[in-house]
Trainee: 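Got a structure for you, written out below as structure tokens; questions coming shortly.
Only heavy atoms go into these numbers, but all of them, side chains included; no hydrogens, no water, no symmetry mates. A note on names: the letters A, B, ... follow the listed sequences, proteins ahead of strands, and every chain is numbered from 1.
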Number of protein chains: 2
Amino acid sequence: MVTIYDIAAQAGVSAMTVSRVINNTGKISDKTRAKVRRVMEELNYVPNHMARSLVLQQSKLLFLLITDITNPFYTTLARGAEDAAKKQGYRLLFGNSDENAEKEKDYVDTILSTRADGVLVAPAGDASLSHLESLRRHNVPFVLLDREVPGMDSDVVLGDTKEGARKLVDHLTSLGHRRIALINGLPAISSARLRLEGYREALKLNDLHYDEQYVLESAFEPKSDLSDIESWLDSMDPPPTAIVAGNNVLAVEVIRTLHGRGIRVPDDLSVVGFDDLGPYSEIDPFLTVISQQAYQFGYLGMQMLIERIEERDSLPQPWRRIVLPAELIVRRSAAQLPFS
Amino acid sequence: MVTIYDIAAQAGVSAMTVSRVINNTGKISDKTRAKVRRVMEELNYVPNHMARSLVLQQSKLLFLLITDITNPFYTTLARGAEDAAKKQGYRLLFGNSDENAEKEKDYVDTILSTRADGVLVAPAGDASLSHLESLRRHNVPFVLLDREVPGMDSDVVLGDTKEGARKLVDHLTSLGHRRIALINGLPAISSARLRLEGYREALKLNDLHYDEQYVLESAFEPKSDLSDIESWLDSMDPPPTAIVAGNNVLAVEVIRTLHGRGIRVPDDLSVVGFDDLGPYSEIDPFLTVISQQAYQFGYLGMQMLIERIEERDSLPQPWRRIVLPAELIVRRSAAQLPFS
DNA sequence: ATAAAAAATGTTATCGATAACATCAAATTA
DNA sequence: TAATTTGATGTTATCGATAACATTTTTTAT
């Protein structure tokens, strides 16, 4: 590979002069600047970012860790983060943890050893605490997205999840439903806990009592094995007339399972969920959901992150917490109960 | 940040000894190995990948460039690439070019200056040629995915696109359709060209004549402005009874536009497309498509890439070309014509 | 014209790690 | 036991770039 020394030799100057031309620092005569530029072109010079970062002690490289690259919520979020990063002159790379704290840890190691300037993390769950402590210990700024991790203070962008859960339940009760089930993410994820809370509060406000049998806690990620959903559906007695799903993946799994049993949605059973199904849901606007501003999660989170990075030397600001609203989008997957 | 020198000092050995412990090279007594390990733990040592890559001249870092991170075809592909990379001990980072050759160029610059060991590229189009030449010139191995670029020989993983287009047209004709339109990607993308070819061949084989007015070439990416689709729909006379869409995004756009006009799919007009709509399409299996093995694109491409990287010193092998089959999945978006 | 200031360029050390070679002590062999 | 091998560790140079300081050249001021 061509280095600044090759250029320096070819142009008859010192490496430092080449470095100055590249970075537009110091004083350089127009003549040598032109000559150096020309040689750089001729030799197809590409700067070595690693060597550069090694001495500068900063990489202008940021990372975004998401938990499911096939989930439109996260990919939309990624677009927002990307746009904000580009605007500020940072490069952004993505990592996909697959809802798996182990994989996430590997990415954190990569991030630490790549000496990234900062990270945007949608943590896999409470078990992420140890990696986040690792980032903190090594002084790598990070902003949490969508989920909090108990025991770790930081900047964070959240959705108004509890309120979202309430709205969904309210919507269902307004349609006459009284036996409303919840299929939720694992309790090791903060957003799942809030959804359960919101669900319970809304039940109470609607004078419905909370019944444990109507709640299933399942992993957020798509799996081939739907047997726990199957047995849960069998177990509820009397069966619910509506189901709230804790995220888009679970909504899909539930509906698939129901279809497999010949149960029609919403005719036989209503289903509502969290997060849109991506642009493709527009083909046939079906699922009634709480829509979160996915793009904003990424955009605002990235802005906060970069502010943290650049204010590093000044005295530390208090942690910031952005809560984005949750909007109910009524479509067709929840129906009025006939006899209510 | 803690370096091997800090560890060396603390453990009372030389930096080289620490390096040996880290890499398990050379001979080290159990006693010092244990001591060094202990100090590394205590100080939370994390190796600096940049310094390491600088001397080793390899980074064990690979990149995947895709053109649309919100498209399930590419995210599924990404999962495959990720799995294959991990299996071989490489780290994988993602970049999103947004179907934009300029953004793609920025990523290529990043890749070059990061001294990545190789790249998997789904090129934005024929205009990608110059960046690919840049990669080639700098001796960075790459494998193309899904699209070829004229003028650039390389390893490549393709779908059997032309055959796919034929199957779609055959399916429609078997349902009685004779006026079949095509909304396709821009001709600057190789896969779009093949789809057009396949479409024309299939028409001929079915004794239908090719009529230019039934073909629209549009950008693959999602846009807010649907006016060209609108005017195209208006212009066709007599209107088609079926539309083939060149990819999933276009299929969605067309169906949205049709819905906006009160035209029902498939009752009033049939629509078929390329590529699945992700896991979410399973809620309501609607769109009849040619399904490509997205995961395999990524997995096999990554395997080829790594083989290239690791065989680098031995004599060069001829370029390889993998063509993955295209499977027709009949769902509900194309209907039998009543009067045929 | 000459000192002083400013501009242009060069030298050396450094970032954190590893390769290649050097050294020293312990173990083995003759 | 002296000679030799082997094991364990240390030293130095290097990867490609930049900061800090040093030097040379040019310009400006007196």
Trainee: Tell me what B/S14 touches on the nucleic acid: a base, only sugar-phosphate, or nothing, going by heavy atoms under 4.0 Å.
Mentor: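 Answer is base: heavy atoms of B/S14 come under 4.0 Å of a base.
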
Trainee: Quick one: list whatever passes ring-ring contact (aromatic ring centres under 6.0 Å, His included) with A/Y74, sequence neighbours left out.
Mentor: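 Applying ring-ring contact (aromatic ring centres under 6.0 Å, His included) to A/Y74 gives none.
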
Trainee: Evaluate the criterion salt bridge (charged side-chain N to carboxylate O under 4.0 Å, His left out) for residue pair A/D106 and B/R91; output intermediate values, then yes/no.
Mentor: CA-CA 9 Å; A/D106 287 347; B/R91 296 174 301 150; over 6 Å; no

Trainee: Test: side chain to side chain donor-acceptor pair (under 3.5 Å). Region: residues 30-43 of chain B. Which pairs qualify, not counting sequence neighbours?
Mentor: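 Pairs touching residues 30-43 of chain B that pass the test: B/S29-B/T32.
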
Trainee: Which comes earlier along DNA chain D counting from the 5' end, the contact point of B/M16 or that of A/V18, where each point is its nearest nucleotide?
Mentor: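 Result: B/M16.
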
Trainee: Are B/I7 and B/V2 packed together at the side-chain level, in the sense that at least one heavy-atom pair is separated by less than 4.5 angstrom?
Mentor: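 With C-beta onward as the side chain, the pair touches.
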
Trainee: Within less than 4.0 Å of OP1 or OP2 of D/dT9, is there a side-chain N or O belonging to B/T32?
Mentor: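 Checking D/dT9 against B/T32, a side-chain N or O does come within under 4.0 Å of OP1 or OP2.
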
Trainee: Tell me: CD1 of B/I4 to P of D/dG10, nearest whole Å?
Mentor: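 About 12 Å, once rounded to whole Å.
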
Trainee: Reading DNA chain C from 5' to 3', where do the contacts with chain A start and stop? Cut-off is 4.0 Å to heavy atoms.
Mentor: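 Contact boundaries, 5' end first: C/dA7 to C/dG16.
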
Trainee: Test of understanding: with ring-ring contact (aromatic ring centres under 6.0 Å, His included), list the residues that count as partners of A/F297, not counting sequence neighbours.
Mentor: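 Partners of A/F297 by the ring-ring contact (aromatic ring centres under 6.0 Å, His included) criterion, ordered by chain and then number, come out as A/F73.
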
Trainee: For B/F94, give me all partners under ring-ring contact (aromatic ring centres under 6.0 Å, His included), at least two apart in sequence or on another chain.
Mentor: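 So B/F94 forms no ring-ring contact (aromatic ring centres under 6.0 Å, His included) with any residue.
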
Trainee: Want to settle it: does B/R20 or A/R52 sit nearer the 5' end of DNA chain D, counting the closest nucleotide to each?
Mentor: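 Of the two residues, B/R20 wins.
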
Trainee: Taking the axis from the first five pairs and the axis from the last five, what angle separates them in the helix from C/dA1-D/dT30 to C/dA30-D/dT1, rounded to 10 degrees?
Mentor: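 Rounded to the nearest 10 degrees, the bend comes out at 50°.
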
Trainee: Go through the steps for B/R320 and B/E311 under the test salt bridge (charged side-chain N to carboxylate O under 4.0 Å, His left out), then give the verdict.
Mentor: CA-CA 14 Å; B/R320 287 198 286 163; B/E311 90 183 355; over 6 Å; no

Trainee: Quick one: CZ on B/R52 to CD1 on B/I22, what's the gap to the nearest 0.5 Å?
Mentor: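 B/R52 CZ to B/I22 CD1: 8.5 Å, rounded to 0.5 Å.
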
